[in-house]
Amino acid sequence: MTLSVGVDLGTGAVKTALFRVEDGKTEWLARRNDKIRQRDPFKLADDALASVLKDAGLEQDDIQYIATTGDGENIQFSTGHFYSMTTHARGAVFLEPEARSLLDVGALHGRAVKMDERGKVLGYRMTSQCASGSGQFLENIARYLGIAQSEIGELSQQADDPEIVSTICAVLAETDVINMVSRGISAPNIIKGIHLAMAGRLAKLLRVIKASGGVTLVTGGLALDDGLIATLQENVGEQKIKVSVKSHPDSPYAGAIGAALWGVYRYEKLAAQGRFKKAS
Amino acid sequence: MEESYSVGTGYGRVRLPFPKEQIRSEILCHGLGAHLMYPETRTVLDIGGQDTKSIQVDKDGIVVNFQMNDRCAAGCGRYLGYNADEMNIGVHELGPIAMESTKNIRINSTCTVFAGAELRDRLAMGDKRSDILAGLHRSIILRAMSIISRSGGISDQFTFTGGVAKNEAAVKELRKLVKENYGDVQININPDSIYTGALGAAEFARREGEAA
């Protein structure tokens, strides 16, 4: 039996997942998802670890491997660190066995990864330099419109005449939105316009990695935004990218899940060779 | 009886109730406005909220070349405004706080939103607010310098306009970089620089009246 914790320290939230793997049976024992909101992420990670251990009725000494991913390299209690691409790929295949590619849409980035049925990364492409198409962008607009994040998806699907944002810059788009509001454009049409801009940018990433066949699982915090998922489905359809875009209620945990599972893998490999050393 | 003429300019110019002949682009108006304030002006830098423009004008204030950045907020006033919001301070406080800086901090992000995240990380790491802000000011001016160089560099005299020209930390950084790159150049900053575009438009209107 191997017990492993995955901690995914993102830009917007800290996700933690505790797994037990025994005789090829994988069990997800406990989880946590904490928004950072200007708090110290390392302190949050500490608290999250304590909390998942408590939920599972375990002590830290019971855990064989604590795997970090995202920006979690410097977490004190980390046994080892894994790159986000590999953890998301593994997590996506765990959540959706048919997944052969993924779109990780987080607070500050978008990332497309192509993988095989075991979660091995075959290629990837991510946005860089620019926050256009990221979650923060949408969050800023929602805040300006006075919309709760949970309402975004539903509102977007009520749009009847989406207004296209004229700029790709997340910051200048805010001004664009202010003008839309003063022109009397409805909130659903504004939100849908933003979703269209994001989906266009994300679909481009999928095309670059030549995603084809199987499911594209959306992971990261934005995976819970039904409006974005629906818009992405429309967009890949129009662009004739042959994938079926899906989300999963546990998609935000993909990185943490993948980290925990890779942690199990690495532990078992090393332990079998008698080379495993627990971090002090 | 006196006759009056008017010319409209700026982002909202299409919404003005003026006929098409009485509308001029803000580039033309800024060039002419800067020329009226400082007749020896050959290069104008305007850093506004949403765009940054570098304009080259001839001895009559007529635009001969320009470059602008209006697709991305990096290097515009909004870059500073956004980060002021992140820090919960007013835009007018940015300059004075940045002037207290004692240490050089480099902000690596180009994107405004990323710079905001970098700023949060830096604060969490214990860096001083003033040092981070000075880094942000340096970054916006560096971006402006690249726009200037694409428009043809700086020729004496150089006039700096727009809302960011009111920010002492930005001006300090600009003076330093201009000296490093273009040597001793006369730098003009008018306390009324926010009216540069309007002044240029008024001059266009006056000329219209004379021609009529």
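Within every chain, numbering begins at 1; the chains are lettered A, B, ... in the order of the sequence lines, protein sequences first and strands thereafter.
Smallest separation of non-hydrogen atoms from Cys169(A) and Cys72(B): CB-CA, 3.6 Å. In this structure, Val113(B) and Ala170(A) approach most closely via the heavy-atom pair CG2-CB, 4.0 Å. Of all non-hydrogen atoms in Ala131(A) and Cys111(B), the two that sit nearest each other are N-SG, 3.2 Å. Leu172(A) approaches Arg71(B) most closely through the heavy-atom pair CD1-C, 3.8 Å.
Residue contact with chain B, scored on non-hydrogen atoms closer than 4.5 Å, involves the side chain of Asn140(A) exclusively.
Heavy atoms of other residues, nucleotides or ligands lying less than 6.0 angstrom from CD of Glu208(B) number more than 12. Around the OH atom of Tyr83(A), the shell of radius 6.0 Å holds no more than 12 heavy atoms that belong to other residues, nucleotides or ligands. Other residues, nucleotides and ligands place no more than 12 heavy atoms under 6.0 Å from the CZ atom of Arg125(A). Heavy atoms from other residues, nucleotides or ligands lying under 6.0 Å from OH of Tyr124(A) number 12 at most.
Expressed to the nearest 0.5 Å, how far OG1 of Thr112(B) lies from CD of Gln136(A) amounts to 12.0 Å.
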Check: Stepwise, does the side chain to side chain contact (heavy atoms under 4.5 Å, CB included) test hold for Phe114(B) with Leu108(A)?
Finding: CA-CA 7 Å; Phe114(B) 288 0; Leu108(A) 287 186; 3.8 Å; yes
Can you give each donor-acceptor pair under 3.5 Å made by side-chain atoms of residues 191-203 of chain B, sequence neighbours left out, with the distance rounded to 0.1 Å?
| from | atom 1 | to | atom 2 | distance (Å) |
| --- | --- | --- | --- | --- |
| Thr196(B) | OG1 | Ser193(B) | O | 2.4 |
| Glu203(B) | OE1 | Arg206(B) | NE | 3.0 |
| Glu203(B) | OE2 | Arg206(B) | NH2 | 3.0 |
| Glu203(B) | OE2 | Arg207(B) | NE | 3.0 |

